[in-house]
Structures are given as C-alpha cells and as structure tokens.
Amino acid sequence: MALERIDKILTNQNIATRSQAKALIKAGKVYANGKQVKKPEEKYDPDTAEIIADGKSLTVKKHLYIMMNKPSGVLSASRDKYAETVIDLLPPELQRKGLFPAGRLDKDTEGLLIITDDGELAHKMLAPKSHVYKLYEAVIDRPLTDDDCTQFKNGLSFGEIQFLPAVLQIKDSHTALVEICEGKFHQVKKMFNAVGANVTHLKRLRIGGVYLDNNLKSGECRELTDREILDLLDKSQDFP
Ligand code: URA
C-alpha cells in the first residue's frame with residue numbers, strides 16, 4: 001500500500017492541476033473516506049480511498065492503458081526534441097506523467113500500439129518467454145512462396161541474429177500475416193530480409209488477445225477496457 005498526497009492523487013487523475021487541487025481542498029470541497037480533507041499534504045492510498053472532489057466521486061485508477069492506431073511518420077517514443085511522438089498525439093484528458101509506448105513500432109510502421117504507465121505489465125507483454133504473440137500484416141516487394149512459410153516456421157537468422165520460429169500466412173501474392181512473440185529491433189523487416197525480400201508496408205493488428213479497434217482512425221486512441229487489459233497477456237495465436 002503506497003500512500004500519496006491527496007493533491008497529487010487529484011493531479012495524477014487529471015481532476016485538477018496541483019494549484020486547483022489545493023484551492024479545492026482549501027474551499028472544503030474534497031472528501032476522503034467520508035471526512036473532509038483539511039490539507040493537501042494528507043496522504044491516502046490511491047487504490048482504495050473513496051474520494052469526492054467538488055461533488056464528484058473519483059474512481060482512482062493506478063495505471064492508464066491506451067490503445068492507439070499509430071500513424072506512419074510518428075515516433076514511438078515518450079518525448080523527442082525534434083520529431084512528433086505518439087505521446088504528443090494523446091488528447092489532453094489522456095496525458096499523464098510516466099506514459100510510454102509498450103513495444104515500439106518503427107517510425108514508418110502503423111497500427112496497434114499500447115501506451116501505458118504500467119512497467120510491470122509492459123515487461124510481461126514484451127518478454128519472449130511470456131509467449132504473447134504479436135500479429136502483423138506485411139506487404140512485400142516480391143511474390144511470397146510456400147518456401148517462405150517453411151523458413152519462418154523453422155526459425156530464421158539474419159547476420160548474427162537468430163529468430164524464434166514464427167508463423168507466416170500468405171494472404172495474397174504480396175501480402176502476408178506474420179505472428180511473432182519476440183520484439184527484436186526491426187524484427188519483421190529483418191525476417192523478410194533473411195528470405196531475400198523487403199517489407200514495403202507494415203501494420204500491427206493484434207497483441208496477445210487484443211485486436212486493433214477498427215473504429216480508430218489513424219492517430220486516434222482510446223482507453224482499453226478491463227477485459228482488454230487482461231487479454232494483453234493472452235498467449236493464443238491466430239495461426240497455431
Ligand atoms: N518489426 C519491424 O520490423 N518493425 C516494427 O515496427 C515492428 C516489428
């Protein structure tokens with residue numbers, strides 16, 4: 001149980017700025033566990049305290065989990081001096097300290113990106129030994145062959161890099177679905193390089209049991225549902 005200052009809890013939940021939170025407390029408009037809060041320094045457990053601020057009951061969420069349909073051309077990093085990042089694309093109500101993209105996509109890759117401040121869940125989702133599969137759609141610069149599928153299944157290597165067995169399913173002559181449970185740098189592109197092909201377009205469609213919401217236009221995002229948060233660690237595959 002980690003206690004936090006009440007003004008910090010209100011700020012972290014985007015209820016008020018730090019100074020607005022202090023003003024609300026001073027005006028006697030904040031209650032915690034049934035008692036009026038007297039000072040901003042008072043500490044409560046953000047996971048369990050029942051807080052009412054300015055007449056509104058507050059369900060405190062420890063972490064935030066956001067699904068974004070990442071556009072091509074935007075960096076999946078928290079902040080960058082020069083380039084636009086996925087965090088810059090978040091609407092003000094979802095901006096919160098400590099958010100980072102869990103499982104980066106290349107600048108020119110689009111599709112499903114999870115943004116969170118939960119480092120533990122991100123680690124579990126990304127560690128190869130967790131066997132959480134990520135599904136990509138890749139467009140390739142040459143016709144795909146059954147031999148490509150066999151090579152992906154047997155486990156490819158590119159230079160010094162060895163990849164775990166992966167599933168390649170041909171959709172049409174130049175388009176394939178690829179399932180991997182690792183996240184090595186430029187992994188899908190390098191796997192195709194290993195079979196003498198280049199990726200011309202890459203989109204992530206699924207992580208664990210969570211699919212990209214088709215209603216999200218490029219650059220849009222929404223919070224994950226409670227079910228989806230659990231499903232992020234689902235180990236199932238589309239093409240076992
Ligand atoms: N593999 C890649 O090559 N790039 C990505 O962005 C994701 C997976």
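Quick caveat: nothing in here was measured; it's all calculated off a predicted structure. When a ligand or atom number is given, it counts from 1 through the structure's own listing order.
Between the side chains of Glu137 and His201, not a single donor N or O lies within less than 3.5 Å of an accepting N or O. Side-chain contact of Asp118 with Tyr65: a donor-acceptor pair under 3.5 Å is present, judged by distance alone.
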As a test of reading the model: which N/O atoms of the protein lie under 3.5 Å from N/O atoms of ligand 1, and at what distance?
unit_1, atom_1, unit_2, atom_2, d
ligand 1, 1 (N), Val188, N, 3.0
ligand 1, 3 (O), His186, O, 3.2
ligand 1, 3 (O), Gln187, N, 3.4
ligand 1, 3 (O), Val188, N, 3.3
ligand 1, 3 (O), Lys189, N, 3.0
ligand 1, 4 (N), Asp106, OD2, 2.7
ligand 1, 6 (O), Asp106, N, 2.7
ligand 1, 6 (O), Asp106, OD2, 3.4
ligand 1, 6 (O), Thr109, OG1, 2.9

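Looking at Asp141, its side chain does come within 3.5 Å of a backbone N or O of Asn198 through a donor-acceptor pair. Although no hydrogens or angles enter the test, the distance criterion places no donor-acceptor pair under 3.5 Å between the side chain of Glu179 and the main chain of Leu168.
Considering every non-hydrogen atom in both Ile140 and Ala197, the closest pair reads CG2-CB, 3.4 Å. For the pair Leu144 and Ala176, the tightest heavy-atom approach, listed with the atom from each and the gap, is CD1-CB, 3.7 Å.
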